[in-house]
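Worksheet: the structure to be examined is printed underneath.
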Amino acid sequence: MKAHRKQRLFIVLFIVAGVSIAVSLALFALSENINLFYNPSQIAAGEAPQGQRIRAGGMVVDGSVKRDQQTLEVLFEITDYQASIPISYTGILPDLFREGQGIVALGRINEQGVLIAEEVLAKHDENYMPPEVAEALQKAEAAGKAHFKPTAADSAVVTQEP
Amino acid sequence: MKVWFYRLGSPKWFYDIAGRCLPWLAWSALLLIAIGTVWGLVFAPADYQQGNSFRIMYIHVPTAFLAQSCYLMMAVAAVISLVWKMKLCDLVIVAAAPLGAAFTFLALFTGAVWGKPTWGTWWVWDARLTAMLILLFLYFGVIALQHAIQDKVASARATAVLILVGVVNIPIIKYSVEWWNTLHQPPSFKLTEKPAMPSEMWLPLLVMVLGFYCFFAAVLFMRTRNEILDRERRTKWVRELVQKVSSR
Amino acid sequence: MALLRVERLTCERDDRILFQDLSFEVGSGEVIQIEGPNGAGKTTLLKILGGLLQNWEGELYWKGQPMSEVRSEFLASLLYIGHKPGVKAVLSPLENLRAWSALHEPATDDKLMAALARVRLAGYEYVPCGSLSAGQQRRVALARLYLSQAPLWVLDEAFTAIDRSGVEQLEALLANKAQRGGAVIMTTHHALNLPGALRKIRLGKAQEAPEVLEEEDLL
Amino acid sequence: MSMPQSISSVFMAILRRDMLLAFRRRQDLANPLVFFVIAVSLFPLGVSPEKSFLAEAGAGIVWVAALLATLLSLDGLFRSDFEDGSLEQLVLSPSPLYAIVLAKILVHWLVTGLPLILLSPILGLMMYLSSDQIVLLGLTLLLGTPVLSLVGAIGAALTVGLRVGGVLISLLVLPLYIPVLIFGAGTVNAAASGLSVAGYLALLGAFFMLALVLAPLAAAAALRISMTNS
């Protein structure tokens, strides 16, 4: 009878050991910061590979959007409030694309360090508000009292990273 | 304690209690959803960025909640079914699986409809969306296995094992796809924090979520009652019940 | 004390009650033959006793203790040969027995060869079982009876495709088993010639109209 | 009553038996491999034979094909044992079913997963992967294919004895394969982008350990339940 108990104990120990190894490996992986998503400071620091398809995300810099008059080409910059990188995109932008808004761009970085985007997706945050409130906030921000958007936007970018 | 536990597991007892709760649940679901719909669609203000399209949130968020809650509930039922062999839990799982699949599908569908105006695309291979799609596949697997095994007891046990394997995998799947790619906004509702939207926007959402939960509970009770009648059709109480109804 | 005790065993499959409130005991030295028409649930009963099925109500006791608590001891005391003999067609009789004995009853190759000789398979040790006749394949499975020290044997139609002299030989084996204090539960279509030890349990005819049950029975 | 045998001797006995069975039916073993090679070579034909595309998508393609090839071979894991009654004998063994199932899965991996890994360099060359990427692809497959066998065994155990078994396994198991696929192919892509792969490999290792210890538990429970199917 004892032998059966011993066998069961052996299996339980095996399972416990395996699970603990799995957990420690997973914790190690977490510390390694796996990422398929680059923020502007990483790209500016040259961490992103050139010529590979990557994803970059950040806020569109106020006043940086320049539209070509003849073609659909748009040039703009995105920022994470530490660094900014230029993005070029040819095509129709989503409705939600506007300055100060978070976006995700898919594309390759060329030699000049410009991200040539194949796709631009507008990211919307969890902050919903009526237009009047937004207007009031903007006015307040213009008056230099509240710093509403950047903080909310920052948090939106940070959540994209593990 | 044990008596109480076994009473809870008794199909007849559940049939009676569920029958008594049913009208309450159904009416509150109807009322809450009606209020929430009107409030959310007519009275809540438009969003400063998305305009009116954000209003689909009032369906999208409750369905997404339910899709996950339903799987969680099935997992709890699966544990009880495997450990204590409570028959009622098997019936609840049978009743819940198609509901969960339906809500997952609805969440995905409304998400796609919402994604078009906001993100500029119907579908993106984003973490939350992909995880939801996989959840839908898990539901399909559960339903398929349920129907593939003839023997009722074996079918329930096998399904319970599958659900539990899925539960272990759901966090893994969730984090895998999250690291892989993300675009979706963080949850609009957190239990621990004040929602990041004004009360005239989230109160109707709260009403809708409550309404959908009531609706889910009502449909689940109805379906479970049907399962009970089918499974217990040879017992005395079901026969008496049928006689009473047919003589009326 | 009885080796195996069955209390109020009820089983329904596919919406049909096979047997209800079945209670009996199996003591050492007994050979029990389960009888009944086709579809009466003989195989199901043996599978339940062997611990293969789970969809039944009632209690099983092994040496006075509830089965769920002493399951591994019970399995170590059981030899079960089912409808399907569990013989691999691509393996030879010797390889089949080796695989079985590694799991159930450690034995040297010499012992395995001797057991094969007892079931008149000497000379076929290295032939793939797929090329043997049905009766010979069945005998590969029955060779386990000559190796097993387990106190309880559960044999479901074990004599299928076995010729007359083979059956006689097996009858002697069973009688010997009972004499040494073992117990056998079996089904067979053969009329068994086992003076003294044989007891029969008859399962009722398959019920056409299902019984009305009290609610507690189904809980 | 016989004394139970040690877990390791039971494990080895099952290993020997199943390897022998696989060897006797070796012509069947080639099928998933042939499928693997054909499935991979469909992509250049069906999508694009362009070098840049294949170099970028190659690792993912090989991974998807390996996954499907494993899936194809899963149905046989318990089925033949179920059909001839051997499974009853395994389930009724006094030794822990956990160890028996683990041994059977190991054999499944040795005869399907391992050959896939050995074939992967050739397919990597056909997909224009660099030699570093090919090595890494082999490494991820080494960590990942055991997970495919282990998790697949749960699906096989749940469906053994069912008529629709083969198709149903895919439905049950494929959603569970997705994390392995993401990180398996992701490792090679990350390396191509010049990123560190240690984290990816650690995660694949974590999946492997978790599946190694938990999957036999679920598969054993599923097998006991499936004994009702006849």
Side-chain angles (χ1 to χ4, degrees), chain A residues 1-39 41-57 105-111 113 115-116 118-119 161-162, chain D residues 1-11 52-53 55-57 60 93-102 133 143 146-147 150 179 182-183 185-218 220:
Chain A
M1 324 283 123
K2 257 183 127 182
H4 296 299
R5 293 262 163 76
K6 230 159 83 192
Q7 287 184 342
R8 214 167 300 157
L9 185 70
F10 181 76
I11 289 174
V12 169
L13 285 179
F14 180 68
I15 292 174
V16 170
V19 171
S20 10
I21 295 175
V23 168
S24 38
L25 281 171
L27 288 177
F28 169 74
L30 279 170
S31 69
E32 277 287 301
N33 190 24
I34 294 185
N35 214 337
L36 285 173
F37 186 94
Y38 295 89
N39 55 35
S41 10
Q42 284 174 315
I43 296 171
E47 283 174 40
Q50 260 187 24
Q52 292 285 342
R53 234 164 91 96
I54 59 158
R55 276 162 186 274
L106 264 110
R108 295 163 208 269
I109 298 172
N110 67 7
E111 282 91 33
L115 185 93
I116 310 297
E118 293 156 18
E119 199 178 355
E161 293 169 0
Chain D
M1 186 180 127
S2 63
M3 279 309 288
Q5 314 216 19
S6 74
I7 293 188
S8 55
S9 74
V10 168
F11 188 84
S52 61
F53 163 76
E56 201 168 315
S93 156
S95 311
L97 191 53
Y98 183 95
I100 296 173
V101 170
L102 193 57
Q133 281 177 305
L143 282 170
V147 182
L150 285 158
I182 287 177
F183 285 102
T187 312
V188 184
N189 293 338
S193 318
L195 293 172
S196 147
V197 295
Y200 283 88
L201 291 177
L203 264 184
L204 281 174
F207 292 160
F208 168 66
M209 286 312 295
L210 208 62
L212 178 70
V213 295
L214 294 183
L217 205 64

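Below, read A as the first sequence line, B as the second, and so on, with proteins coming before strands; counting in each chain starts at 1. Just so it is clear, the structure is predicted and the values come from calculations on it, not from any experiment.
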Look at atom CZ of D:F53 and say whether more than 12 heavy atoms of other residues, nucleotides or ligands are closer to it than 6.0 Å. yes
Distance-only donor-acceptor hits, side chain of residues 18-26 of chain A, under 3.5 Å, sequence neighbours excluded:
unit_1, atom_1, unit_2, atom_2, d
A:S20, OG, A:V16, O, 2.5
A:S20, OG, A:A17, O, 3.2
A:S24, OG, A:S20, O, 2.9
A:S24, OG, A:I21, O, 2.9

Residue selection (most heavy-atom pairs with chain A, distance under 4.5 Å) from D:P96, D:A99, D:A211: D:P96
Heavy atoms of A:F28 and D:A198 approach each other most closely as CE2-O, 3.9 Å
Show your reasoning for whether side-chain contact (heavy atoms from CB on, under 4.5 Å) applies to D:L102 and A:F14. CA-CA 12 Å; D:L102 193 57; A:F14 180 68; 4.2 Å; yes
Please identify each residue that fulfils salt bridge (Lys or Arg N to Asp or Glu O under 4.0 Å) with A:R8, with sequence neighbours left out. none
Taking side chain as everything from C-beta outward and backbone as N, CA, C, O, which of these in D:L204 sits under 4.5 Å from a heavy atom of chain A? Side chain, backbone, both or neither. neither
Between CZ of A:F10 and OG of D:S6, what distance do you get to the nearest 0.5 Å? 9.0 Å
On a heavy-atom basis, which atom in D:G199 and which in A:A29 lie closest, and how many Å separate them? O-CB, 3.4 Å
One should read off an interatomic distance between A:I11 CD1 and D:I7 CD1, to the nearest 0.5 angstrom, of 4.5 Å
Engaged part of D:L214 at the chain A interface, taking heavy atoms whose separation is under 4.5 Å: side chain
